[in-house]
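Notes follow once the structure below has been shown.
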Amino acid sequence: VETAGGPRTYGNWRKPKSAGILGLGQLGTAVLITGLVFVVLVVAVAGFLKGLLTFVALALFLGTILIRDKHDRNLLDRFIVAVGWRSATAKGAHLYRSGPLGHALWGTHQLPGIAASLRLSEHEDSYGRPFALIQAPSTSTYSVVIATEPEGAHLVDQDQVDVWVADWGHWLANLADEPGVVACAVTIETSPDTGHRLRREVRSSMDPGAPAFARSVLSEVVEDYPAGTSVIMAYVTVTFTASSDATGKKRDPDAMGRDLASRIPGITGDLAATGAGAARPLDARELCEVVRVAYNPGMAVVVDEAHAEGEDTDLSWSDVGPAAAEASWDGYRHDDGYSVTWSMTTAPRGSVQSSVLARLLAPHRDIARKRVTLLYRPIDPARAAAIVEADVSSAEFVETTKRRSSARARLATRSAVATAAEEASGAALVNFGMLVTATVLDPSKKTQAKAAVDNLAATGRLRLRPVYGAQAAAFAAALPLGLVLPKHVKVPSAMRDAL
């Protein structure tokens, strides 16, 4: 929306909910009706007292669904997570040891948890560029990681920023029409600058015959400038299904590599129009370095030194995992780093400007490494129409069930109708979420890092919640690995929403 003489704003994102009685979803309403019928049968067969006890048990169970916190989590969700966490810790599943003295196969440092089954291969696209292909056998998906160099919004006209945002929306919309695409993730990572990249650039560009004064000034810049500066890296991960649209059969890495070889140049070319700058696929070595540094932040200096000397790190996929890791209820210790991951429970309410996430994405002095990952799941156009129409019906049902509808219910109905109108006019429908990971090198500084993320979330009008009981899985999902979390959840998301 653009007001006369004002900045362009964005919003109207909705979280679809199924309608039901007393604020319950369709499944919860079915449980309520079935339970009441069962109570009547108990009263008729066993008497009033046993029927009353059955009714109390039903009310307590429904209360665990109806009572929700500010993050829209009910008591049943929290109970299931707590039980799952206690079961995992009792089995020792929260501990990980690899290497020659660990439990990993062949004494390697493979990835832990939900990322353990990932496989890596390398192929070439039609431009002759090597690209890494991540295979997830458990979910039958393949992922390609694209490195970008965002131009940033500093000293850029607002009109150009608006064009970038519009082109980014078009790029996401086109993903819904791209054959086989199941998910997309954008990872923005900030980390301290070791200074080796600047030193290498100056050393390769310095003229041996330059005046001594100029050489001394450059040497001083190389030594002093990296102190307190940060590096911002951006990755776009596109995940495809392994099944072929033509035959329906699952493809092996070679067949998938041949299929994507002709499609990657188009995907990277379209990204340039979104302000992502030069986009290119990561090769296997670069991806191994990114993942290894994430699990062992101290390796960043070693990797940069190797690049400065023109040497290869010789990292393989079996060496990118941590040597030791331990997940706790609200944190994750991995090698020489300690991380906490949050998930977005509420998107910015109301209308926001394009710079709403600027402070959250920027480096922060209290956080050694920060990773913000936006998760997208394009919805097939054939299903989008049915989803928005069902959302309109649910919103209207909630508004009309009460004798006097609330302002929030009326606003929800208008928002659902507007979304349906936009979809009917050709707009795409995309599910989205966010994960924020803060890593510190000293565990004693985790309190400052948590406070920093809470403050940054407030500036972005977001509501973030630590991923309690699943920090290891959330940490891996925030990396550019192409993990699609709904495919790893035992209880389908549609069933949880229906409650």
Side-chain angles (χ1 to χ4, degrees), residues 14-91 93 329-330 343 345-346 349 386-417 431 463 465-470 485-499:
R14 285 185 49 76
K15 184 178 180 180
K17 294 182 179 180
S18 61
I21 302 174
L22 299 177
L24 296 170
Q26 295 178 355
L27 183 58
T29 302
V31 172
L32 172 62
I33 296 175
T34 304
L36 291 177
V37 173
F38 183 73
V39 169
V40 173
L41 294 177
V42 171
V43 171
V45 175
F48 176 77
L49 182 59
K50 291 185 178 180
L52 179 61
L53 294 177
T54 304
F55 177 79
V56 171
L58 175 64
L60 291 176
F61 175 74
L62 293 177
T64 62
I65 301 176
L66 288 173
I67 300 175
R68 297 177 178 269
D69 58 14
K70 64 179 181 180
H71 299 287
D72 201 28
R73 302 274 295 183
N74 57 40
L75 295 179
L76 182 61
D77 291 334
R78 298 166 65 177
F79 175 76
I80 293 175
V81 171
V83 171
W85 170 249
R86 289 185 178 274
S87 175
T89 53
K91 298 176 182 178
W329 175 251
D330 60 350
S343 65
T345 58
T346 304
R349 296 178 60 181
I387 291 176
V388 296
E389 292 299 333
D391 191 28
V392 171
S393 300
S394 299
E396 291 177 345
F397 176 83
V398 172
E399 183 182 0
T400 56
T401 51
K402 296 182 179 180
R403 181 175 302 178
R404 185 176 181 181
S405 62
S406 63
R408 180 168 295 184
R410 293 193 297 271
L411 180 61
T413 301
R414 290 197 297 268
S415 178
V417 171
N431 285 324
R463 184 167 288 173
R465 177 182 183 272
V467 188
Y468 294 118
L485 288 180
K487 293 181 176 292
H488 294 273
V489 179
K490 293 183 179 180
V491 180
S493 57
M495 182 177 295
R496 295 198 306 270
D497 295 338
L499 286 174

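Numbers for residues simply follow the sequence, beginning at 1.
- With values rounded to the nearest 0.5 angstrom, Arg349 atom CZ is found 7.0 Å from Arg463 atom CZ.
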Val31 and Phe61: CA distance, side-chain angles, deciding distance, side chain to side chain contact (heavy atoms under 4.5 Å, CB included) verdict:
CA-CA 10 Å; Val31 172; Phe61 175 74; 3.9 Å; yes

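- Counting heavy atoms from C-beta outward, Phe38 and Val42 have side chains that approach closer than 4.5 Å.
- Distance alone, capped at 3.5 Å, places no donor-acceptor pair between the Ser87 side chain and the Val83 backbone.
- In this structure, Leu53 CG and Leu58 CG are separated by 12.5 Å, a value rounded to the nearest 0.5 Å.
- A 6.0 Å sphere centred on CZ of Arg73 holds more than 12 heavy atoms belonging to other residues, nucleotides or ligands.
- Between the side chain of Thr89 and the main chain of Arg86, a donor-acceptor pair closer than 3.5 Å is present.
- When all heavy atoms of Phe55 and Leu36 are compared, the closest pair comes out as CE1-CD2, 4.1 Å.
- The line from CG of Leu76 to CG of Leu62 is 10.5 Å long, rounded to the nearest 0.5 Å.
- Considering CG of Asp72 and OG1 of Thr345, their distance stands at 8.0 Å, rounded to 0.5 Å.
- When all heavy atoms are compared, the tightest approach of Ala416 to Val392 is O-CG2, 3.4 Å.
- Rounding to the nearest 0.5 angstrom, the gap separating the CG atom in Leu75 from the OG1 atom in Thr64 is 6.5 Å.
- How far CG of Asn74 is from NE2 of His71: 13.5 Å, rounded to the nearest 0.5 Å.
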